[in-house]
2 protein chains.
Amino acid sequence: MPSKPPAPITIDAVYAAPGYLFRRMQQIAVSIFMEECKAFDLTPVQYAALIAIHTHPGIDATRLSAVIAFDRSTLGSVIERLQAKDYIERKPAPEDKRIKLLYLTRSGAAILREIIPAVERAQARMLEPLKPADRKTLMGLLSQLVDLNNEASRVPLRAEDALEHLGKTG
Amino acid sequence: MPSKPPAPITIDAVYAAPGYLFRRMQQIAVSIFMEECKAFDLTPVQYAALIAIHTHPGIDATRLSAVIAFDRSTLGSVIERLQAKDYIERKPAPEDKRIKLLYLTRSGAAILREIIPAVERAQARMLEPLKPADRKTLMGLLSQLVDLNNEASRVPLRAEDALEHLGKTG
DNA sequence: TGTTGATTGACAGTATACTGACGATCTAGG
DNA sequence: CCTAGATCGTCAGTATACTGTCAATCAACA
């Protein structure tokens, strides 16, 4: 049988490319998130960072980056903005002068409680056009794929072992 | 039956959220693309723009933004960079002094031919961890979802009608 | 103990993204 | 023809992202 001819150079190939679809979907997701949460002045990244700090009080920036799989450099400015909004505070660590420990402020904890319903509406809206069974299928496959590709990303997720050195002072 | 209690505020909820997975997958996809194409000095966005200009020679920036669903403001700098690399050229439109028509240069067309295999390797690698049947399922559902959410994005895709005013000079 | 190597936060530089605004220009309607 | 509204490219401002580098600091080892 004849070998597959070279694909024609056409925009239609782009429309069907995984990378293109992932990009479009991400942009749609951000757009929906911002729309649902416009009353709160929090971006998706800032929201994830707040949740992570809430889950792991006293985490430092490097470990935070591993826990949410965000770039460490980027995270610096994210933290600055959260601090400027008085949602988090940074305290120097007594036993290591290099690191700064992150904590939610009272208003950080408050906005987190308030924004949760909007975030959940946003997450639901992203999948809403699909039938319930298809939503499950899509999320299941996507979870698998992200997990299996973890090492391919610049900042692999280290949900567990990133915290091994935390809170185990004994 | 009891109403569902409020979800605990935990990072685990973020890990399973569609928006978070879309973001992670997009970052992984870009990472793989850049790795496979590192010999070419082209980003995914620049690649898509080149392909679109190749498919629609003489397109203007606004229509280009509709054809690949990229933000118009962003596209300005993308075009600048492609022009600086001598991959495209801009010519003023004789009948409308506002717009500038975009064309591939000879070297733009050349790099497009050369980079295609690397791009296809990248696209294949993104899905490679899944079984073939699952790849099809995932891409099918994702295509549907992006399409059905088209209007939710800031720059909806207008593949067809964006070009209605083009090339129909008679 | 003293030096090597790793880690941390910070920074500079580049590239997407989106919002909102602007002048130049075109189009439609009167 | 002339103005109101739309469109085009552009720009300023903000927010992610990634690469690479740096000084300060820490840990480990000879």
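Order of the sequence lines fixes the chain letters, A, B, ..., with proteins taken first and strands second; residue numbering starts at 1 for each chain. Source: prediction; values computed, not measured.
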Checklist entry - Tell me, do Q46(A) and K85(A) make a side-chain contact under 4.5 Å, heavy atoms counted? => result yes
Next on the checklist: Rounded to whole Å, how long is the line connecting atom CG of L64(A) with atom C1' of dT8(C)?
Outcome noted: 14 Å
Item to check | Value in whole Å for how far the P atom of dT16(C) lies from CZ of F22(A) | outcome: 20 Å
Checklist entry - When all nucleic acid strands are considered with a 4.0 Å heavy-atom cut-off, which category describes T62(A): base, sugar-phosphate, or nothing? => result sugar-phosphate
Next on the checklist: Just the rounded figure in Å: distance from C1' of dA10(C) to CG of L75(A).
Outcome noted: 13 Å
Checklist entry - D60(A) has an atom CG; how far is it from atom C1' of dT7(C), in whole Å? => result 10 Å
Checklist outcome for this item: Among dA15(C), dA15(D), dT25(C), the one nearest any side-chain atom of T43(A) is dA15(D)
Next on the checklist: Once you apply a heavy-atom cut-off of 4.0 Å, does V78(B) come out as touching a base, just sugar-phosphate, or nothing?
Outcome noted: sugar-phosphate
Next on the checklist: For a quick check of understanding: with a heavy-atom distance under 4.0 Å over all strands, which category does T74(B) fall into, base, sugar-phosphate or nothing?
Outcome noted: base
Checklist entry - Over how many whole Å does the gap from Y47(B) atom OH to dT16(C) atom C1' extend? => result 19 Å
Item to check | Electrostatic pair R158(A)-E151(A), nearest N-O below 4.0 angstrom | outcome: yes
Item to check | Which nucleotide in dT25(D), dT19(D), dT16(C) has an atom nearest any side-chain atom of Q46(B) | outcome: dT16(C)
Checklist entry - Is there a chain of hydrophobic side chains (I, L, V, M, F, W, Y, each step under 4.5 Å between heavy atoms) that links L157(B) to Y47(B)? => result yes
Checklist entry - Of all the nucleotides listed (dT16(D), dG9(C), dC8(D)), which has the minimum atom distance to the side chain of I99(A)? => result dG9(C)
Checklist entry - Counting side-chain heavy atoms from CB outward, which of dT16(C), dT19(C), dC26(D) is closest to S77(B)? => result dT16(C)
Checklist entry - Looking at dC18(D), dT8(C), dT25(D), which one has an atom nearest to any side-chain atom of K97(A)? => result dT25(D)
Checklist entry - Across the strands shown, which category fits D71(A) at heavy-atom distances under 4.0 angstrom: base, sugar-phosphate, nothing? => result base
Checklist entry - Charged N to carboxylate O below 4.0 Å: is that the case for R135(B) and E128(B)? => result no
Next on the checklist: Just the rounded figure in Å: distance from P of dT7(C) to NZ of K100(A).
Outcome noted: 20 Å
Checklist entry - In whole angstrom, what separates E80(B)'s CD from dT14(C)'s P? => result 13 Å
Next on the checklist: On the nucleotide dT7(C), are OP1 or OP2 found under 4.0 Å from the side-chain N or O atoms that R72(A) carries?
Outcome noted: no
Checklist entry - With no hydrogens and no angle check, do the side chains of N149(A) and R24(B) hold a donor and an acceptor under 3.5 Å apart? => result no
Item to check | Comparing V30(A) and R98(A) on DNA chain C - which has the more 5′ nearest nucleotide | outcome: R98(A)
